[in-house]
A.B. asks: 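The structure under discussion is supplied below as C-alpha cells; questions concerning it will follow.
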Amino acid sequence: MAISSLKYKSAGRGPAVVFIHGFCEEKSLWKDFLNHFQSDYHVITPDLPGFGESPLDTTPVSMEYFADEVRNLLKDLSVKECVIIGHSLGGYVALAFAEKYPEMLKGMGLFHSTAFEDSIEKKENRNRTIQFIEKNGVDPFADSFVEPLFFMRNRKNLQEEIQMMIETTRNTSMQSIIETTKAMRDRKERIDVLKNVEVPVLFIVGKDDGPVPLEKSLEQCYMPKYSIVHFFSECGHMGMFEKREETLKAVEKYLELCF
C-alpha cells in the first residue's frame, strides 16, 4: 500500500540514485541526468511537496518533513539504500535525510547547497521575499528570481532553460513558495551531519554562485571524512545547465566510487 503522495520519475535498474530538485524547481530539472544514468542505475527524481505535480498536503513544512516524504517514496519503491544528490533546497533535504536515515545512505551530494543555516541577512531576505509575493503575486517574483541564479555571461546562451524555470516558478502555488521559504529560513544548521556522515560526500560548487557563496562552500567541503569536491568557474547556481557535461562527468565518477 502506497504511503507517499510524491509524484516522481523512475528509470533504469541497479543501485538507486535519487536526485532532488531545488526551490521553485521540479523533477524535469534532472532530465539529462536521468537519461544519462538510467543505463547503469535506478534513477529516481521526485517532485517535493508543493512543487511540480506533488501536492502540498500539510503546513507548515520543514526539511524533516520533506526528508520523510522522500523516505516514504523510497519505501514504496522497495529501495533500501541509495545515493541522494540534492540541488540547493534539495541539498538541505538530503542533509535532513542523512540525519534521520543514515542507514539508507550510500552517498550524499550537495549540488550548489550548504549545511550552514541562513545568516541573519539571508533570513531577512527570505522575509522580504514572502512580503513581496504576498503583495505582488508569483509572476513578478518569477521574473526577478530566476535569471540571477545563472552566471551573467551564461544567461544569453541559456535563455531556453531560464524561460523554462520562470514558467516552472509561475506554475508553483503562492502557498508552496511562501511555506517553503519559511522552512528554508528556519532550517537548522547541519554541520554536525557533514562531520559525522560515514559515506563519501560530493560537492558541486559554482565559483560565481550567488545563493551559495564560494567562501561558504570552501568552509564546509573539508568537514566530511571523505569529500569529493568539484569547483566550476564561470558557473553560478545552476551547474546542471551551465556546466552540463562537466557536472554529469563529476556525478558519474562519484557514483562509481559510492557503488
A.B. asks: Keeping Thr247 on the side-chain end and Lys243 on the backbone end, is there a donor-acceptor pair under 3.5 Å?
C.D. replies: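 Yes; at least one donor-acceptor contact below 3.5 Å.
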
A.B. asks: Have Thr45 and His21 got a donor and an acceptor in their side chains that come within less than 3.5 Å?
C.D. replies: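 No, His21 and Thr45 have no side-chain donor paired with an acceptor closer than 3.5 Å.
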
A.B. asks: Is there a salt bridge (Lys or Arg N to Asp or Glu O under 4.0 Å) between Lys156 and Glu147 once you walk through the steps?
C.D. replies: CA-CA 10 Å; Lys156 184 178 178 182; Glu147 197 168 74; over 6 Å; no

A.B. asks: Working to the nearest 0.5 angstrom, can you tell me the gap between His87 NE2 and Phe33 CZ?
C.D. replies: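 Reported to 0.5 Å precision, the distance equals 10.0 Å.
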
A.B. asks: With no hydrogens and no angle check, is any side-chain donor or acceptor of Ser62 less than 3.5 Å from a backbone partner on Ala183?
C.D. replies: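 Judged by distance alone, no pair lies under 3.5 Å.
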
A.B. asks: Hey, are Ser176 and Ser173 close enough side-chain-wise for a donor-acceptor pair under 3.5 Å?
C.D. replies: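 On atom types as modelled, these side chains qualify, holding a pair under 3.5 Å.
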
A.B. asks: Do Ile177 and Met174 have side-chain heavy atoms sitting under 4.5 Å apart?
C.D. replies: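 Not in contact.
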
A.B. asks: Under the 3.5 angstrom rule, does the side chain of Asp76 hit a backbone N or O of Ile3 as a donor-acceptor pair?
C.D. replies: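 Judged by distance alone, yes, a pair lies under 3.5 Å.
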
A.B. asks: Distance from Ile178 atom CD1 to Phe141 atom CZ, nearest 0.5 Å?
C.D. replies: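 It comes to 10.0 Å.
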
A.B. asks: Supply the atom-to-atom distance Cys235 SG to Ile204 CD1, rounded to the nearest 0.5 angstrom.
C.D. replies: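 So the SG of Cys235 and the CD1 of Ile204 are separated by 9.0 Å.
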
A.B. asks: Output the distance between atom CG (Leu158) and atom CG (Leu149), rounded to the nearest 0.5 Å.
C.D. replies: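 With rounding to 0.5 Å, CG (Leu158) is 12.0 Å from CG (Leu149).
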
A.B. asks: Grab the two heavy atoms, one from Arg185 and one from Asp118, that are nearest each other, plus how far apart they are.
C.D. replies: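 The answer is CA-OD2, 3.5 Å.
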
A.B. asks: Around atom NZ of Lys225, are there more than 12 heavy atoms from other residues, nucleotides or ligands closer than 6.0 Å?
C.D. replies: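 Yes - once you tally the heavy atoms of other residues, nucleotides and ligands closer than 6.0 Å, there are more than 12.
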
A.B. asks: For Cys82, is there any backbone N or O sitting under 3.5 Å from a side-chain donor or acceptor partner on Lys106?
C.D. replies: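 Judged by distance alone, no pair lies under 3.5 Å.
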
A.B. asks: Would you check if Leu105 and Glu81 make a side-chain contact, meaning some heavy-atom pair closer than 4.5 Å?
C.D. replies: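 No. Closest side-chain heavy atoms not under 4.5 Å.
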
A.B. asks: Leu257, Leu110: one ILVMFWY side-chain cluster at the under-4.5 Å cut-off?
C.D. replies: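 Yes: a chain of side-chain contacts under 4.5 Å links Leu257 to Leu110.
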
A.B. asks: Mark yes when over 12 heavy atoms from residues, nucleotides or ligands other than Tyr226 sit less than 6.0 Å from its OH; otherwise mark no.
C.D. replies: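 At most 12 heavy atoms, drawn from other residues, nucleotides or ligands, come within 6.0 Å of this atom.
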
A.B. asks: For the OG atom of Ser4 and the CG atom of Leu74, what is their distance to the nearest 0.5 Å?
C.D. replies: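 Output value for this atom pair is 8.5 Å.
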
A.B. asks: How far does NE2 of His230 sit from CG of Leu202, to the nearest 0.5 angstrom?
C.D. replies: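 Here the interatomic distance stands at 6.0 Å.
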
A.B. asks: Do side-chain atoms of Glu242 reach the backbone of Phe151 as a donor and acceptor pair under 3.5 angstrom?
C.D. replies: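 Answer holds: yes.
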
A.B. asks: Please determine if Lys188 and Glu99 form a salt bridge, counting it only when a charged side-chain N lies under 4.0 Å from a carboxylate O.
C.D. replies: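 Counted as a salt bridge, because a side-chain N and a carboxylate O are separated by less than 4.0 Å.
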
A.B. asks: Please assess Glu26 against Ser28 for the test side chain to side chain donor-acceptor pair (under 3.5 Å), listing each intermediate value before the final yes or no.
C.D. replies: CA-CA 6 Å; Glu26 44 92 34; Ser28 68; 2.2 Å; yes

A.B. asks: In this structure, is the centre-to-centre distance between the rings of Phe97 and Phe66 below 6.0 Å?
C.D. replies: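 No: the rings miss the under 6.0 Å criterion.
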
A.B. asks: Show your working on side chain to side chain contact (heavy atoms under 4.5 Å, CB included) between Val205 and Leu218 and close with a plain yes or no.
C.D. replies: CA-CA 9 Å; Val205 180; Leu218 288 169; over 6 Å; no

A.B. asks: Should we say atom NZ of Lys195 is surrounded by more than 12 heavy atoms from elsewhere, each under 6.0 Å from it?
C.D. replies: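 For Lys195, atom NZ is not crowded (no more than 12 foreign heavy atoms under 6.0 Å).
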
A.B. asks: Verify the neighbour count for atom NZ of Lys100: are there more than 12 heavy atoms of other residues, nucleotides or ligands below 6.0 Å?
C.D. replies: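 Yes, because the 6.0 Å sphere around NZ of Lys100 holds more than 12 heavy atoms from other groups.
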
A.B. asks: For Tyr8, look at atom OH and say whether over 12 heavy atoms of other residues, nucleotides or ligands are found less than 6.0 Å away.
C.D. replies: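 Atom OH in Tyr8 is not crowded, with 12 or fewer foreign heavy atoms closer than 6.0 Å.
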
A.B. asks: Would you check, one step at a time, whether the test side chain to side chain contact (heavy atoms under 4.5 Å, CB included) holds for Asp68 with Tyr101?
C.D. replies: CA-CA 9 Å; Asp68 288 342; Tyr101 309 110; 2.5 Å; yes

A.B. asks: Under a 3.5 Å cutoff, is there a donor and acceptor pairing between the side chains of Ser88 and His237?
C.D. replies: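 Judged by distance alone, the side chains do pair up.
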
A.B. asks: Show the nearest heavy-atom pair for residues Ser113 and Gly91, with the distance to one decimal.
C.D. replies: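 Taking Ser113 first and Gly91 second, the nearest heavy atoms are OG-CA, 3.3 Å.
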
A.B. asks: Tell me whether Ser227 contacts the main-chain N or O of Val229 through its side chain, where contact means a donor paired with an acceptor under 3.5 Å.
C.D. replies: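 Checking the backbone N and O of Val229 against the side chain of Ser227, no donor-acceptor pair under 3.5 Å is found.
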
A.B. asks: I'd like to know if the side chain of His112 and the backbone of Gly239 have a donor-acceptor N/O pair within less than 3.5 Å.
C.D. replies: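 At least one qualifying donor-acceptor pair exists.
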
A.B. asks: Do you know the tightest heavy-atom contact between His42 and Ser10?
C.D. replies: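 Answer, listing the atom of His42 first, then Ser10: NE2-OG, 2.7 Å.
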
A.B. asks: Taking the side chain as every heavy atom from C-beta outward, state whether Thr169 and Asn171 have any pair of such atoms under 4.5 Å apart.
C.D. replies: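 The answer is no, as the side chains (C-beta and beyond) never meet within the 4.5 Å cut-off.
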
A.B. asks: Within the structure provided, determine whether Phe259 and Val17 are in side-chain contact (heavy-atom separation under 4.5 Å).
C.D. replies: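 When only atoms from C-beta onward are counted, Val17 and Phe259 do touch, with a gap below 4.5 Å.
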
A.B. asks: When you measure from the side chain of Gln131 to the backbone N and O of Arg128, does any donor-acceptor pair fall under 3.5 Å?
C.D. replies: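 Absent.
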
A.B. asks: Would you say Met240 ends up clustered with Val212 if hydrophobic residues are merged whenever their side chains have heavy atoms under 4.5 Å apart, either directly or through other cluster members?
C.D. replies: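 Looking at the clustering, Met240 is in a separate group from Val212.
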
A.B. asks: Show the numbers, then the answer: is there a side chain to side chain contact (heavy atoms under 4.5 Å, CB included) between Tyr92 and Thr114?
C.D. replies: CA-CA 7 Å; Tyr92 309 157; Thr114 177; 3.9 Å; yes

A.B. asks: Decide, yes or no, whether a salt bridge links Glu161 with Arg244 under the criterion of side-chain N to carboxylate O below 4.0 Å.
C.D. replies: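 Yes, this pair counts.
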
A.B. asks: Under 4.0 Å between a Lys/Arg side-chain N and an Asp/Glu carboxylate O for Lys249 and Glu246?
C.D. replies: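 Judged by the 4.0 Å cut-off on N to carboxylate O distance, Lys249 and Glu246 do not form a salt bridge.
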
A.B. asks: Any salt bridge linking Lys27 with Asp47? Criterion: basic side-chain nitrogen under 4.0 Å from a carboxylate oxygen.
C.D. replies: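 A salt bridge is present here (some side-chain N lies under 4.0 Å from a carboxylate O).
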
A.B. asks: Do Leu73 and Glu69 touch side chain to side chain, with heavy atoms closer than 4.5 Å?
C.D. replies: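 Of all side-chain heavy-atom pairs linking Glu69 with Leu73, none is under 4.5 Å.
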
A.B. asks: For Phe145 and Cys24, which heavy atoms make the closest approach, and how far apart are they?
C.D. replies: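 Answer, listing the atom of Phe145 first, then Cys24: CE2-CB, 4.0 Å.
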
A.B. asks: Got more than 12 heavy atoms from elsewhere within 6.0 Å of NZ, Lys122?
C.D. replies: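 For Lys122, atom NZ is crowded (more than 12 foreign heavy atoms under 6.0 Å).
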
A.B. asks: How about CD on Glu215, more than 12 heavy atoms from neighbouring residues, nucleotides or ligands closer than 6.0 Å, or not?
C.D. replies: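 Count over threshold, so yes.
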
A.B. asks: Can you check whether Ile85 reaches Met108 side chain to side chain, under 4.5 Å on heavy atoms?
C.D. replies: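 No - every pair of side-chain heavy atoms lies 4.5 Å or more apart.
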
A.B. asks: How far apart are the closest heavy atoms of Ile20 and Gly90, and which atoms are they?
C.D. replies: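 Smallest heavy-atom distance, with atoms named: CG2-CA, 3.6 Å.
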
A.B. asks: For the backbone of Asp143 and the side chain of Arg170, can you confirm whether one donor and one acceptor N or O come within less than 3.5 Å of each other?
C.D. replies: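 Such a contact is absent between Arg170 side chain and Asp143 backbone.
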
A.B. asks: For Glu160, does the CD atom sit with more than 12 other heavy atoms under 6.0 Å from it, leaving out its own atoms?
C.D. replies: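 Check fails, neighbour count at 12 or below.
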
A.B. asks: Is it true that a side-chain atom of Asn154 and a backbone atom of Phe150 form a donor plus acceptor pair closer than 3.5 Å?
C.D. replies: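 No, Asn154 side chain to Phe150 backbone: no donor-acceptor pair under 3.5 Å.
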
A.B. asks: Can you name the closest pair of heavy atoms from Pro211 and Pro213 and give their distance?
C.D. replies: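 For Pro211 and Pro213, the tightest heavy-atom pair comes out as O-CD, 3.5 Å.
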
A.B. asks: Does the pair Arg153/Glu234 count as a salt bridge with the N-to-O cut at 4.0 Å?
C.D. replies: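 Judged by the 4.0 Å cut-off on N to carboxylate O distance, Arg153 and Glu234 do form a salt bridge.
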
A.B. asks: Are any non-hydrogen side-chain atoms of Met184 and Met63 less than 4.5 angstrom apart?
C.D. replies: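 A side-chain contact under 4.5 Å exists here.
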
A.B. asks: Does Leu29 form a side chain to side chain contact (heavy atoms under 4.5 Å, CB included) with Phe241? I'd like the steps, not just the answer.
C.D. replies: CA-CA 9 Å; Leu29 178 85; Phe241 300 134; 3.8 Å; yes

A.B. asks: Could you tell me if the side chain of Thr59 sits less than 4.5 Å from the side chain of Leu56, heavy atoms only?
C.D. replies: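 The answer is yes, as the side chains (C-beta and beyond) meet within the 4.5 Å cut-off.
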
A.B. asks: Quick one: which of Trp30, Phe203, Phe19 gives a ring pair (Phe, Tyr, Trp, His ring centres under 6.0 Å) with Phe111?
C.D. replies: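 Single pass found, and it is Trp30.
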
